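This one's a predicted model, so the numbers in the text were calculated from it and none came from an experiment. The first residue of the sequence shown is numbered 1, and numbering continues consecutively from there. All values below were derived from every heavy atom in this structure, side-chain atoms included, with hydrogens, water molecules and symmetry-related copies excluded.
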Amino acid sequence: MNPNKERILTGDRTTGQLHLGHYVGSLRSRVELQEVHDTYILLADVQALTTHYEQPELIANSVHQVTLDYLAVGIDPDKSTLFIQSMIPEIAELTVIFSMFVTVNALRHNPTIKSEARDRGYTDLYYGFLGYPVSQAADIACCKTTLIPAGEDQIPHVETARKLVRRFNELYAPVFPEPRILTGARLGGLDGVGKMSKSMGNAISLNADPQDVQAKLTKAKTDPARIRRSDPGHPDICPVYAYHQLFRSADAEEIHTACSQGKIGCTDCKRLAGDAVNELLAPFRERRGYYEQRKSQVKELLMEGTRKARRTVKETMLEVREAMGIRYFDL
C-alpha cells in the first residue's frame, strides 16, 4: 500500500441491481476516489443473506449484475479491487473475534438495524441480521480501511466499527486504523416516502431504458398541494425537484422559479428531469452492454480482485493472531 494513499473500502449487498440512489449516495464518489486512493470494493453476498437467505440464487445472480453496475458507472478494475465477500473466510474469522467486544443490547439499539427491522416487519431478529454491523466492521478492519464512502444510514455501522477497532487495539496491539465515513448526497424515492430503495419499489435502476425512466418519473409524487397547473408550487418539498438539483443543476434555479410561479406544470417538469436522468445513464448503458457480452472477462476480473483482497486480508489476520497470542503455528 502506498503510504501517501488512503485505503478505501466500500461496497453493496448483492440483493439486486443498483439504482440512482446508490449512484448519488456513493458510486459517484467511488469513481472519483479511485483515481487518488487505494480502493477496495466489496460485493457483500454474505451480508445479503441477512435478509435473503432463502434466495441464494438471487444473491448469486446479483453478484454478476452488481459487478456490471460497477463497471457501467466507471469503476475501473485496474484502479479498484473488486472482490467477493464469501470467498474470503478470514473476514468471517474476524467477525467472530469482534463479536466478543459488542453487546447484544448495543446492536439492538443501532438506529439502522432498528429502522430496517421495522420496515421489514421483523419482530424477532435473527443473529445474522442483528450482527450485520459486526460483519461490516470486520470487512472494514480486514482491509485496514481509513475512509468509507457511504450513505448517511451507514453512519451507525461505521461508528460500531470504530468502537470495535479501538477496543481491539486497546486490548492487544494497534493493528487497525480507525476509519471515518465520507457521506454522499441522498436521493429520495419516487413515492416521496424515505430514501430510494429496491425493496420499497420506488427506485430507478442504473440500467433502466429511456422509456422506463420516463414512465417511472411520470408516476412520481410531486407537491401534494398543487392541484392545477397554474397553482404556485413548492419545489423544495417536491421529490422531483431533487432530480433537477442533482442532474440539471445549471437549470435548477430556473425550474424553482417557474414552479413557484405556476409557469411550469408537473408533467413538463418530470419530462425534463427524465431527460436529464437519461443523459446521465446513456454512457452507463453503453459500458454495461460492452461487459454483458464478455461474461468470462467479468468473472476473471472478479477472481483476480478477490485473490488480491485475500492476500491483503490474510496478512491482516496474521497480525491479529500475533497480537492476540493465538498464532500457534502457520499452516
Can a donor-acceptor pair be found, under 3.5 Å and without considering hydrogens, that links the side chain of Ser115 to the backbone of Pro111? no
Answer yes or no on whether Arg166 is positioned over the face of Phe168, meaning its NZ or CZ is under 6.0 Å from the six-membered ring centre and within 45° of the axis. no
Between His19 and Asp69, does any side-chain donor sit less than 3.5 Å from a side-chain acceptor? no
Start with the C-alpha gap between Arg167 and Leu171, add the side-chain angles, then the distance that decides, and say whether side chain to side chain contact (heavy atoms under 4.5 Å, CB included) holds. CA-CA 6 Å; Arg167 182 62 173 151; Leu171 281 170; 3.8 Å; yes
Which atom pair, heavy atoms only, marks the closest approach of Thr14 to Asp45? OG1-CA, 3.3 Å
Out of Phe129, Tyr127, Tyr126, which one pairs with Tyr53 under the ring pair (Phe, Tyr, Trp, His ring centres under 6.0 Å) rule? Tyr126
Check: Pro232 and Gln261 side chains under 4.5 Å, non-hydrogen atoms: no
Can you find a pair of side-chain heavy atoms, one from Asn278 and one from Asp209, that are under 4.5 Å apart? no
Under a 4.5 Å cut-off applied to non-hydrogen side-chain atoms, are Val298 and His64 in contact? yes
Counting heavy atoms not belonging to Glu254, are there more than 12 under 6.0 Å from its CD? no
Indicate yes or no: does Glu159 engage Arg180 in a salt bridge with an N to O separation below 4.0 Å. no
Min side-chain heavy-atom separation Leu302-Gln297 under 4.5 Å: no
Sorted by chain and number, sequence neighbours left out, side-chain contact (heavy atoms from CB on, under 4.5 Å) with Asn61 holds for Gln65
Check the pair Asp153 / Arg186 against salt bridge (charged side-chain N to carboxylate O under 4.0 Å, His left out), numbers first and verdict last. CA-CA 10 Å; Asp153 60 327; Arg186 182 177 180 273; over 6 Å; no
Pairing donors with acceptors under 3.5 angstrom, does anything connect the side chains of Asp139 and Gln85? yes
Pair Asp275 + Arg248: basic N to acidic O under 4.0 Å: no
Could you tell me which non-hydrogen atom of Ala273 sits nearest to which non-hydrogen atom of Tyr243, and how far apart they are? CB-CB, 4.0 Å
Side-chain heavy atoms under 4.5 angstrom apart, residues restricted to Ile, Leu, Val, Met, Phe, Trp, Tyr: same cluster for Ile326 and Phe329? yes
Any side-chain donor paired with an acceptor under 3.5 Å for Arg13 and Thr51? yes
Just wondering, do Cys259 and Arg226 contact through their side chains at under 4.5 Å, heavy atoms? yes
Okay, side chain of Ser80, backbone of Pro77: is any donor-acceptor separation there less than 3.5 Å? no
If you count heavy atoms of other groups shown closer than 6.0 angstrom to CD of Glu279, is the number above 12? no
When you look at Asp38 and Lys5, which way does the salt bridge (charged side-chain N to carboxylate O under 4.0 Å, His left out) test go after all the steps? CA-CA 6 Å; Asp38 186 20; Lys5 289 186 175 184; over 6 Å; no
Before giving the answer on side chain to side chain contact (heavy atoms under 4.5 Å, CB included), spell out for Thr81 and Ile41 the whole-Å C-alpha distance, their side-chain angles and the decisive distance to 0.1 Å. CA-CA 6 Å; Thr81 301; Ile41 300 180; over 6 Å; no
Return each pair, listed once, that meets salt bridge (charged side-chain N to carboxylate O under 4.0 Å, His left out) where at least one residue sits in residues 51-68; pairs must be two or more places apart or across chains. none
Between Tyr241 and Ala252 (side chain of the first, backbone of the second, donor and acceptor by atom type, cut-off under 3.5 Å), is there such a pair? yes
What is the distance from atom CG of Asn110 to atom CG of Asn105, rounded to the nearest 0.5 Å? 12.0 Å
Minimum heavy-atom separation for Pro179 to Arg162, with atom names? O-NH1, 2.8 Å
Flag yes if Leu58 and Val46 sit in one hydrophobic cluster, no otherwise; membership is Ile, Leu, Val, Met, Phe, Trp, Tyr, and two members link when side-chain heavy atoms are under 4.5 Å apart. no
What's the verdict on salt bridge (charged side-chain N to carboxylate O under 4.0 Å, His left out) for Glu315 and Arg311, showing C-alpha distance, side-chain angles and the deciding distance? CA-CA 6 Å; Glu315 290 176 5; Arg311 289 194 295 270; over 6 Å; no
Considering only heavy atoms from C-beta outward, does the side chain of Asn207 approach that of Gln17 to under 4.5 Å? yes
Are Lys308 and Glu304 within salt-bridge range, i.e. N to O under 4.0 Å? no
Shared ILVMFWY cluster between Val73 and Tyr291, side chains joined below 4.5 angstrom? yes
Parallel, tilted or perpendicular, as decided by the 30° and 60° cut-offs, for the rings of Phe83 and Tyr40: perpendicular
Can you list everything that forms a salt bridge (Lys or Arg N to Asp or Glu O under 4.0 Å) with Glu35? Sequence neighbours excluded, please. Lys79
Looking only at heavy atoms, which two atoms of His244 and Ile255 are closest? And how far apart? ND1-CG1, 3.7 Å
Once you measure the plane-to-plane angle for Tyr132 and His157, does it fall in the parallel (<30°), tilted (30-60°) or perpendicular (>60°) bin? tilted
Side chains of Glu152 and Thr183: any donor to acceptor distance under 3.5 Å? no
Side chain to side chain contact (heavy atoms under 4.5 Å, CB included) with Ser99: of Val104, Leu94, Leu107, Val134, only one passes, and it is Val134
Evaluate the side-chain proximity of Leu18 to Ser205: yes if any heavy-atom separation is below 4.5 Å, no if none is. no
Can you list everything that forms a salt bridge (Lys or Arg N to Asp or Glu O under 4.0 Å) with Asp231? Sequence neighbours excluded, please. Arg228
Does the pair Thr15 and Ser62 meet the rule for a side chain to side chain contact (heavy atoms under 4.5 Å, CB included), with working shown? CA-CA 6 Å; Thr15 57; Ser62 294; 5.5 Å; no
Ignoring hydrogens and angles, tell me if any N or O in the side chain of Lys216 forms a donor-acceptor pair with the backbone of Leu190 under 3.5 Å. no
With a 6.0 Å cut-off (strictly less than), is the heavy-atom count around CZ of Arg307, excluding the residue itself, greater than 12? yes
Under a 4.5 Å side-chain heavy-atom rule over Ile, Leu, Val, Met, Phe, Trp and Tyr, are Ile148 and Val31 clustered together? no
Heavy atoms of Leu281 and Ala208 approach each other most closely as CD1-O, 4.2 Å
What I'd like to find out is whether the side chain of Ile75 reaches to under 4.5 Å of the side chain of Arg30, using heavy atoms alone. yes
Cluster question for you: counting only ILVMFWY and a side-chain heavy-atom cut-off of under 4.5 Å, with indirect links fine, are Val96 and Tyr172 together? yes
Which atoms form the tightest heavy-atom contact between His52 and Ile59, and what is the distance? O-CD1, 3.6 Å
CA sep, side-chain torsions, deciding dist, call: Ile264, Leu272, side chain to side chain contact (heavy atoms under 4.5 Å, CB included): CA-CA 11 Å; Ile264 185 173; Leu272 290 171; 4.1 Å; yes
Charged N-O contact under 4.0 Å between Lys144 and Glu178: no
The salt bridge (Lys or Arg N to Asp or Glu O under 4.0 Å) partners of Glu32 (sequence neighbours excluded) come to none
With Glu93, which residues qualify under salt bridge (Lys or Arg N to Asp or Glu O under 4.0 Å), at least two apart? Arg321
Is atom CG of Asp330 surrounded by more than 12 heavy atoms (other residues, nucleotides or ligands) closer than 6.0 Å? yes
